[in-house]
Amino acid sequence: MTSATERLQWLPAVHVCVADPPSAVQRLSAGEMLERAALDAALDQVRSAVLETPDRFASPDNVKTAVAERWVEALEGLLRPALMPVINATGVVVHTNLGRAPLAEEAITAAVAAAGHYTPLEYDLEKGTRGSRYAHAARWVTFLTGAEEALVVNNNAAALLVAVDSLAEGLAVVVSRGELIEIGGGFRVHDIIAKSGARVVEVGATNKTHLEDYERAIETREVGAILKVRRSNFSVSGFVAEVGLADLCRLGERHGVPVIFDQGTGVLEPLPTAPDEPSVNDALADGAAIVCASGDKLLGGPQAGLLCGGSEWIAKVRINPLLRAVRVDKSTLAALEATLRLTAERATDVPVRAMLELDPEALRARAEALIEALTPRTQAQCQVEPHAGRAGGGTLPGVDLPGAAVRVAPKRFSAAALERQLRLGDPPILGRVSDDAVWLDVRTLLPGEMSIVVQRLDEIIGATDSDTRG
Ligand SMILES: *Cc1c(COP(=O)(O)O)cnc(C)c1O
């Protein structure tokens, strides 16, 4: 019997492989560099396989075939985009791990056009002179929020950083202990402020902060700003108290201290699904100097941070050198402009907003239609169930969105195995496993995705049936 080490001699030499690549490698025409990288990976894999399971490689031909197969797979893997579209069947609308908001068609078109062309990003077509990158989307932000002025930066965290730094460099920023939140990904508001030129002064207790706590802090030191942070990703109840934004603004006014409100969600006007969620517009009406909000949460636009507020305060941000470090790119601005215009038109085609407003009956009908489209054998393993969706993205904590899911309980393998097959397919479909079934919430399916889900379910569940028959 040939030993594993002897079988390793059967691995073809690199120059032999390169001289005669498999036809699939040739068809991919990826170029020498990528072909060679994929070949190296394939040879490594087969080398390990021969050592681990030598019996699978009975002849030099077996080894050669394995190298060719791995080579094609490795090259396909290299060429596959890492950020391919995935189907979100979780019912979580602003899914942070899945890139938050999917854009509206018109926002996509605008972003693509800006990306592939020259665009008057910093040019005033009217005057034929240099213009401002901040004028375009900001025009819509002021229109929609009633703010005197607005600026758009890379994201909400950046908006908060520049706002605090612009208003309170070298001074204190007073913030309630109950609002020093972690915004996800391990980032904390406290640390962001610490990185600005301002100093955090915590007031109150975790559960309760009173107006006097703020007042005392303001009277005893030089304060650049009061910060109020929307606890956007959790809610508190019980023995709690916080000071409302309007009261804080009145206090600030008495002492000549501006109030920054980190609103987060990007809700401009009160939402039908969450009427109590503070909106940017209300915050400005309450007297906030600057309100910071995300572009890609409930506004449903691209990743961006909005700064809205009084001219006097936004002017300070405008001249802050940090602004350059957090500036926003042209495609984002184009997508944001389109999203804001659709918002102003009350158009129904901003996906995030449309998904939030879908009612349970419409969703049940959608889930029924999905099951109806399956082959009878797959149908028998599926049923429509009520399922609560979520706004997600650290927004609207505690708000359930009543809806519907297709509950798939596969007969011949585990729910975990089905979830895995759906997740590793092309395109990946992401659902949730619970009580021996995969739950596919139909709220977050985009147009055209339902038929893909139908096809994949039929393939996976049908394939197993024919396997067991054959
Ligand atoms: C989401 C959120 C942030 C961070 O926003 P990004 O756009 O992720 O940078 C900051 N503050 C609050 C209150 C938030 O909800």
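Both counts, for ligands and for their atoms, begin at 1 and track the order of listing. Because the structure is predicted, anything quoted here is derived from the model rather than measured.
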If you scan protein heavy atoms around atom 5 (O) of ligand 1, the nearest is Asn156 CB, 2.9 Å
- Looking at ligand 1, does any of its N/O atoms fall within less than 3.5 Å of an N/O of Asp296? no
Within 4.0 Å of some non-hydrogen atom of Ser294, the atoms of ligand 1 are 5 (O), 6 (P), 7 (O)
* Asked: For Glu372, does the CD atom have more than 12 heavy-atom neighbours from other residues, nucleotides or ligands under 6.0 Å away?
  -> no
Per-atom filter on ligand 1: closer than 4.0 angstrom to a heavy atom of Gly264 are 12 (C), 13 (C), 14 (C), 15 (O)
shortest atom 4 (C) of ligand 1-to-protein heavy-atom contact is with Ile183 CD1, 3.5 Å
Original post:
For atom CD of Glu385, is the number of surrounding heavy atoms from other residues, nucleotides or ligands below 6.0 Å larger than 12?
Top reply: yes
Self-check item: Sub-3.5 Å N/O-N/O distance, Asp262 and ligand 1
Solution: yes
Would you call Asp435 and Arg407 a salt bridge, using N to O less than 4.0 angstrom? yes
Salt-bridge contact Asp191-Lys195 (side-chain N to carboxylate O under 4.0 Å)
no
message = If you measure every N or O of Val189 against every N or O of ligand 1, does any of those distances drop under 3.5 Å?
response = no
Next item on the list: Consider every N or O of Gln263 and every N or O of ligand 1, then say whether any pair is closer than 3.5 Å.
Entry: no
One finds that the ligand 1 atoms under 4.0 Å from a non-hydrogen atom of Arg230 are 13 (C)
Result for side-chain contact (heavy atoms from CB on, under 4.5 Å) between Val223 and one of Leu171, Val257, Val173 points to Val257
Please check if the number of heavy atoms outside Lys316 that lie under 6.0 Å from its NZ is greater than 12.
no
Here the gap from Leu299 atom CG to Arg100 atom CZ, rounded to the nearest 0.5 Å, amounts to 12.0 Å
- Crowding at CD, Glu126 (>12 non-hydrogen neighbours, <6.0 Å): no
Among non-hydrogen protein atoms, atom 15 (O) of ligand 1 lies closest to Ser232 OG, 2.6 Å
- Does the N or O separation between Arg100 and ligand 1 drop below 3.5 Å for any pair? yes
Counting heavy atoms under 4.0 Å, the part of Gln303 that contacts ligand 1 is neither
In this structure, atom 14 (C) of ligand 1 is nearest to the protein heavy atom Lys297 NZ, 3.0 Å
Would you call Glu277 and Lys297 a salt bridge, taking side-chain N to carboxylate O under 4.0 Å as the test? no
Ranked by distance from atom 9 (O) of ligand 1, the top protein heavy atom is Ala157 N, 2.8 Å
